[in-house]
Number of protein chains: 2
Amino acid sequence: MGSRSNVVIDGIRQMITSGELMAGSRLPVERELGARLGVSRGPLREGVRALVVLGVLETRQGDGTYVTSLEPGQLLEPLGMLAELQSPENSVHLLAVRRVLEPEAAAHAALRISDDELAEARRILERGEAILSVGDDIDLEATIDVDTEFHRLIATASGNPAFAAIIDALVGRTARARLWRAIHQHGAVHDTQREHRAILDALEAHDPDRARIRMSVHVLGVEDYTERHVDEQPVDDVD
Amino acid sequence: MGSRSNVVIDGIRQMITSGELMAGSRLPVERELGARLGVSRGPLREGVRALVVLGVLETRQGDGTYVTSLEPGQLLEPLGMLAELQSPENSVHLLAVRRVLEPEAAAHAALRISDDELAEARRILERGEAILSVGDDIDLEATIDVDTEFHRLIATASGNPAFAAIIDALVGRTARARLWRAIHQHGAVHDTQREHRAILDALEAHDPDRARIRMSVHVLGVEDYTERHVDEQPVDDVD
DNA sequence: CATGGTGAAAGGTCTGATGACTTGGGGCGC
DNA sequence: GCGCCCCAAGTCATCAGACCTTTCACCATG
């Protein structure tokens, strides 16, 4: 096994679960922590860096190393990067998760969404309509942004940070450029906008059942497009 | 920003998304890769180690560094560790995710579960019944194992690796010792076993609707226990 | 042809030195 | 006395070099 740095990871993890380190706590200095775990600074830094990437620790140069808030949103953040590395065939599997989670999130959101959030959602969809009203030459990037923001807003409004974090990760760029190109080619961008509007209506009415169903239909449609166009050429756009 | 090692992570990630590195590919040697990314061995190793922990890379001493299969199960593995770091208040949020995902996974499993998997599920539940038949002095650890294995088997049998990976992570030790102690104190361990049996019946009948409902009820029950006992004393058991 | 040894190559670890950045306090000017 | 600036100590970030451990392939030997 890649031993020494795993010792570091396990050691720090146990220091947290045992309560010795709390959220926001500052860790001992590198040299001291290394001595305690029986490793030198090299492997120690490797382990710490890994936990930083996982969202468990946070280092501030010139200051020290701290435990993060350990909130779900923080810890599930790396999930986004992992979703991006998925091959198109697996996008179907990830969309299946969305199809289950997002309607539920929408239902929760319908019950507890605030007026401010509703106003924000309206603003997002108005931007979407402005983009579509220009005619044939649609700004695809902007359309994707609108879609992303709309879904994330609902996920957040659900009040469940775990929902929000997972949906956030899955709504991310996963095969999105290719997908939206396909949607655009089939003139379905207006359908998407209409579905978004229907979801918003349900949220405004604070009707969880309608919100759930509208969201289900919406994600199902996206899923259909994905399944139909898995075979198309890959688009390598770096972010 | 924690600069140099992030350069490494982004660099390797882009080498993968750009197709330069495929699943299973071998990376250049440390010194060469470091030279190419403009960093020395230290930060390079930090970045590589982080990607190893995320399940993206795999190092073999004396051999080289390779890209993993990049399958969802592989990449979502670290999710388990993150779930363990959650505070009890957040357990409710994680259980809400289970309540949504597991019934769907059970429905899928009902449609596609194999005879071998059904046999395995029966064996697991028989073990559970053996544990319960001894009388009052129930082996709680073994009971937790049975529960874990049963849920994971169904998640895997769903055929969706993303479902399986996320459920796997959430079914993990999250506040489980405390939870099961509460269930045991209320004499509800037999209820759990009975619910498991009902789920298995639905799977054997390949009836997705029944499987979904049975699983819903089961997880809902667990959720109730959790909500009722969040306030109890924490149990610090290291794995 | 099979088998065992041997060495090159790769990742793993340690050490020391240096740079970059943050923080807090002390000194200086007003 | 008050406030501002500057500096020095502490900390993480990086680099460089050396050595250890493990793996794999080639080759010599039986």
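Per chain, numbering begins at 1; letters A, B, ... match sequence-line order. Just so it is clear, the model here is predicted, and its values are computed rather than measured.
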Tell me whether the side-chain N/O atoms of [X] come closer than 4.0 Å to OP1 or OP2 in [N].
{"X": "B:Thr59", "N": "C:dG12", "value": "yes"}
{"X": "B:Arg4", "N": "D:dC15", "value": "yes"}
{"X": "A:Thr65", "N": "D:dT11", "value": "no"}

Checking B:Leu85 against A:Arg13 for the side-chain contact (heavy atoms from CB on, under 4.5 Å) test, could you report, in this order, the C-alpha distance in whole Å, the side-chain angles of both residues, the deciding distance, and whether it holds? CA-CA 8 Å; B:Leu85 291 175; A:Arg13 203 190 60 192; 4.0 Å; yes
Whole angstroms only, please: what is the [atom1]-[atom2] distance between [X] and [N]?
{"X": "B:Leu33", "N": "C:dA10", "atom1": "CG", "atom2": "C1'", "value": "13 Å"}
{"X": "A:Leu44", "N": "C:dT15", "atom1": "CG", "atom2": "C1'", "value": "15 Å"}
{"X": "B:Glu30", "N": "D:dG17", "atom1": "CD", "atom2": "C1'", "value": "14 Å"}
{"X": "A:Leu37", "N": "C:dC14", "atom1": "CG", "atom2": "P", "value": "12 Å"}
{"X": "B:Asn6", "N": "D:dC12", "atom1": "CG", "atom2": "P", "value": "17 Å"}

When the nearest nucleotide of DNA chain C is assigned to B:Pro28 and to A:Ser40 on a heavy-atom basis, which residue is associated with the more 5' position? B:Pro28
Could you pick out which residue, A:Gly42 or B:Arg45, lies toward the 5' side of DNA chain C when each is mapped onto its nearest nucleotide? B:Arg45
Checking the side chain of B:Gln86 only, and the main-chain atoms of A:Leu70 only, is there a donor and an acceptor separated by less than 3.5 Å? yes
Any chance you could list the contact pattern along nucleotides 18-24 of chain D? Use B for base contacts, S for sugar-phosphate-only contacts and - for none, protein heavy atoms under 4.0 Å, 5' to 3'. B--BBBS
Starting from the C-alpha separation in whole Å, work towards a yes-or-no answer on salt bridge (Lys or Arg N to Asp or Glu O under 4.0 Å) for A:Arg36 and A:Glu20. CA-CA 14 Å; A:Arg36 172 170 163 180; A:Glu20 179 180 348; 2.8 Å; yes
Pairing of B:Glu120 and B:Arg123 as salt bridge, 4.0 angstrom limit: yes
Apply the test salt bridge (Lys or Arg N to Asp or Glu O under 4.0 Å) to residues A:Arg49 and A:Glu58: give CA-CA distance (whole Å), side-chain angles for both, the deciding distance (0.1 Å), then the verdict. CA-CA 9 Å; A:Arg49 173 66 56 191; A:Glu58 177 188 10; over 6 Å; no
Among C:dT13, D:dC12, D:dT14, the one nearest any side-chain atom of B:Glu46 is D:dT14
What about the rings of A:Phe163 and B:His93, do their centers lie closer together than 6.0 Å? no
Which part of the nucleic acid, if any, lies within reach of B:Gly64 when heavy atoms closer than 4.0 Å are counted: base, sugar-phosphate only, or nothing? sugar-phosphate
Restricting to side-chain hydrogen bond (donor to acceptor under 3.5 Å, both in side chains), what partner residues turn up for B:Glu149, sequence neighbours left out? B:Arg127
